Every structure is written in C-alpha cells, then in structure tokens.
Amino acid sequence: MEFTVSERMKSLKGSAIREMFKAMADPTMISLAGGNPAAELFPSEELSQIAADILKENPVGALQYGISEGNIALREKILEMMKEREKINASLDEITIVSGGQQAIEIVSKILLNEGDSVIVEAPSFVGGLNAFRSYGANLVGVEVESDGINIEKLKKTIENTPNVKLIYTIPNFQNPSGVTMSVEKRKALYEIARDNDIFIIEDNPYGELTFDGVKLPTIKSMDEAGVVLYSGSFSKILAPGLRLGYLIAPKNFTEKVVLGKQVSDVHTALLPQLLALEFMKRYDIGELIEKMRALYKKKCDVLIGAMKEYLPENITYTVPGGGLFVWCNAPGIDTLKLSNECIKEKVLIVPGNNFATDQSLVNNGFRLNFSTMPDDKLVEGVKRLGKVLEKYC
Ligand SMILES: Cc1ncc(COP(=O)(O)O)c(C=O)c1O
C-alpha cells in the first residue's frame, strides 16, 4: 500500500552506518566505521549463570510487568555508582531506567520540544541524538567543537540569535564522533550559560568511563545546583549494548514527566536486563571490567594512530582521543561522502562527516574512524587501504 509519511519522519534519513553493516557481509571488508564495543569483553559466562539463577529463583520478578521508573534496587545501585564515580548526588525520585541512552534523548525530546523549537548541538554530533530531535520537528543549530569542546563564544551568540532554544545537547567525554573531551572551564561556562538562560542541557555520557589514563573530568551534572542538567548514562559501553539499558538522572519534577513519556514509549525497560545488570554489579566489580576495557581500547587506539602516522598523507589532520571509541579526521578540500564510496571499493569502511552534521546534504571534509572491534592487523591494513585512496585525492 502507498502511504504518506508524517512530517516529523520526513527529515529522517537511513543511517549510513547501519547501511554499511550490509557491506560488512563481504569477509574481505575492513570496518573502521562501526561504533560497537569489543565483543570479547562481554562477560557472557557470568551473565549466562546470572540469567539462569534469576529465571530459577525469581521468575516472576523477571517476567511480570514492572514499574516504569525501573527496578528500585538497580536505581539505588546506579545512584551509589554515580556518587562514587561521577560525584553526582541524586535521589531515587530523580532517576529513571531507560532502554538505552538513545531512549533518554528521545523521551527528553518528547517532553520539551514543540515543532520548530531549537536545539543547540555540537557540530559534529551523534546521529542518534540528532535524529531524535529531528523526529520531534526541532530546528537543529550546530556550534562547532574545538579541541577542548564546544566553542563557548559562538554558543553565547547562537543563544542570543536563535528563538525558542529549549535544549543544549552535549557529549562532554570522548565525544562521538570527534573523540574530543570538553575542558573543565568549558563545562562550567556551559552550565552557567544554560542556567542563566533557562535552557536544559542533555549531558550524554556513554563514554566517560572509557578513559585511557584513568583521568576523569567532573560531570556537568555534578555542578548542577539549578536543576538544568539532564544526565544520560548507559550500560552499552561498560557492559553490553544488547541489554538496552540506560538511565536518565533529572530533577524530580522533570522525572515525573519522564515516567509518563516512558509509559507511552515502552511501558518499562525489560526486566531481565535490569536484573542481569544489578546482579552482575552485586557479584562482580564492574570497575574491574571497565579497567579491562580501558586497557584494550587504549592499545587499539595506539595501533590505529600509529598506522595513521605511517600511512595517511600529511595534510590529513586528526584528533588523538584520551578515551572512547573514535578518532575524527579532517581531509581539507575532500568531499568525504565521495571518499567513503571510494573506500568501499578498496574494501575499507569509514563514516563520512555529513552523517554527523545538522545539514547532511552539505559537503563535509570530516570523517570518523573507530578502533574498538577490528583485530590489530586489520586496523593497520584498513588504514593502509584508506591511505591509498587518500593519496589519489591529495
Ligand atoms: C553519544 C551517544 N549517545 C547515546 C548512544 C546510545 O547508546 P545506547 O542507546 O546504546 O545506550 C550512543 C551510541 O552509540 C552514543 O554514541
């Protein structure tokens, strides 16, 4: 049957990254494109034992309907973790379990955005966040990310010149896609600007724990006395993304709306993953698992950067991240959408920068590389292939 797509869906395009998964069916293809965590670190045996125990000992707790706010013991455990690891002090009525950080962004959009309202986003930014805002008819306004985070002067000007700014969306740690971490000074400035202008901040922090050297900068939420920061956390990059488990920490009056929004989206997050994460954290030290991830990703990032130094033309500049999963490259004068298509012919996948832009139709010189999933030799070979394609352009 023919059908007309709603206005709010018209601005959404299929994710190029998901499209690239199709190209991965070719076994000779090397992907520097995805953003998946390293599957070898999934604690599958531990989770398998825990799942069996839960379904035997507490089947109703896992299989019956639950409350929309999320499992109380899990929320308490996360709050404990937040206090200890992120210096965030929040109470039980300020946290909601969500089905991944993606859902946190979607529910916040549902609560705050009317058609045509503006959302200030980092340029470039996470495509899932951008699409959530787009799906609620938001006007996206990008403010450039510098090597120490969003450009604060431009942010101020943008707020002055843009009507109905409802939200500022930031990924302060090892940003997807740029790999950049926002300085403490900029975190403070961003918080004060949002507070003084009555604008909510979504602080999206799925990568903060993946710091290579263990250094963690204060979360913006930890500075929040005015209740303007909506903090989105996720188990996707510190446990397993297939669990679809995240949490949103927000002021109590906002959380009441989150719970209503959540009921419309999916009633509640599936209970088995909630219990799996809770029990995993009771039986094991999740900090130890995080340490393993930090070490693995640091090693892989070093391999990628080493290969980039050796095989990429000199005019290609890139960020050297202190954590996370991504390196952002700048190829002056090159349309990276065309470049990525050339790369597919050479059997290497990269993500062209237009995917992360507010206007995806504009020519973009940036592209994103990922280092978390490929074995070391393939990381090197992938960069060699990319270098070969770039040589043709440069
Ligand atoms: C910046 C950022 N936010 C949120 C998400 C969504 O994560 P999830 O829904 O798996 O928690 C991702 C996933 O890649 C991301 O990169």
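Since the model is a prediction, treat every value here as computed from it, not as a measurement. Order of appearance sets the numbers: ligands from 1, and atoms from 1 within every ligand.
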Sole candidate of Gln274, Lys262, Arg244 that passes side-chain hydrogen bond (donor to acceptor under 3.5 Å, both in side chains) when paired with Thr269: Lys262

Flag side-chain contact, heavy atom, 4.5 Å: Leu379 against Leu32: yes

Region of Pro206 engaging ligand 1 - heavy atom pairs below 4.0 Å: side chain

Gln103 N/O under 3.5 Å from ligand 1 N/O: no

Any N/O pair Gly101/ligand 1 closer than 3.5 Å: yes

Working for side chain to side chain donor-acceptor pair (under 3.5 Å), residues Lys110 and Ser265: CA-CA 10 Å; Lys110 181 156 45 188; Ser265 294; 2.7 Å; yes

Shortest reach to atom 2 (C) of ligand 1 by a heavy atom, considering only Leu243, Asp204, Leu245, Asn176: Asp204

Heteroatom proximity flag, Arg244 to ligand 1, N/O under 3.5 Å: yes

Per-residue contact class, Glu122 against ligand 1 - non-hydrogen pairs under 4.0 Å: neither

Atoms in ligand 1 with a heavy atom of Lys237 nearer than 4.0 Å: 13 (C), 14 (O)

Gap separating the CD1 atom of Ile152 from the OG atom of Ser183, nearest 0.5 angstrom: 7.5 Å

Centroid-centroid distance, Phe126 to Phe356, less than 6.0 Å: no

Option nearest atom 11 (O) of ligand 1 (shortest heavy-atom distance, choices Gly233, Pro37, Ser234, Ala104): Ser234

Atom 10 (O) of ligand 1 [closest protein heavy-atom partner, distance rounded to 0.1 Å]: Ser236 OG, 2.6 Å

Side chain, backbone, both or neither: Tyr207 near ligand 1, heavy atoms under 4.0 Å: side chain

Transitive ILVMFWY side-chain link Leu275 to Met81, under 4.5 Å: yes

Closest protein heavy atom to atom 12 (C) of ligand 1, given as residue, atom name and distance to 0.1 Å: Phe126 CZ, 3.3 Å

Protein residue, atom and distance nearest to atom 6 (C) of ligand 1, heavy-atom basis: Gln102 N, 3.7 Å

Between Phe326 and Phe371, ring centroids under 6.0 Å: no

Joint hydrophobic cluster, Val143 plus Ile171, side-chain heavy atoms closer than 4.5 Å: no

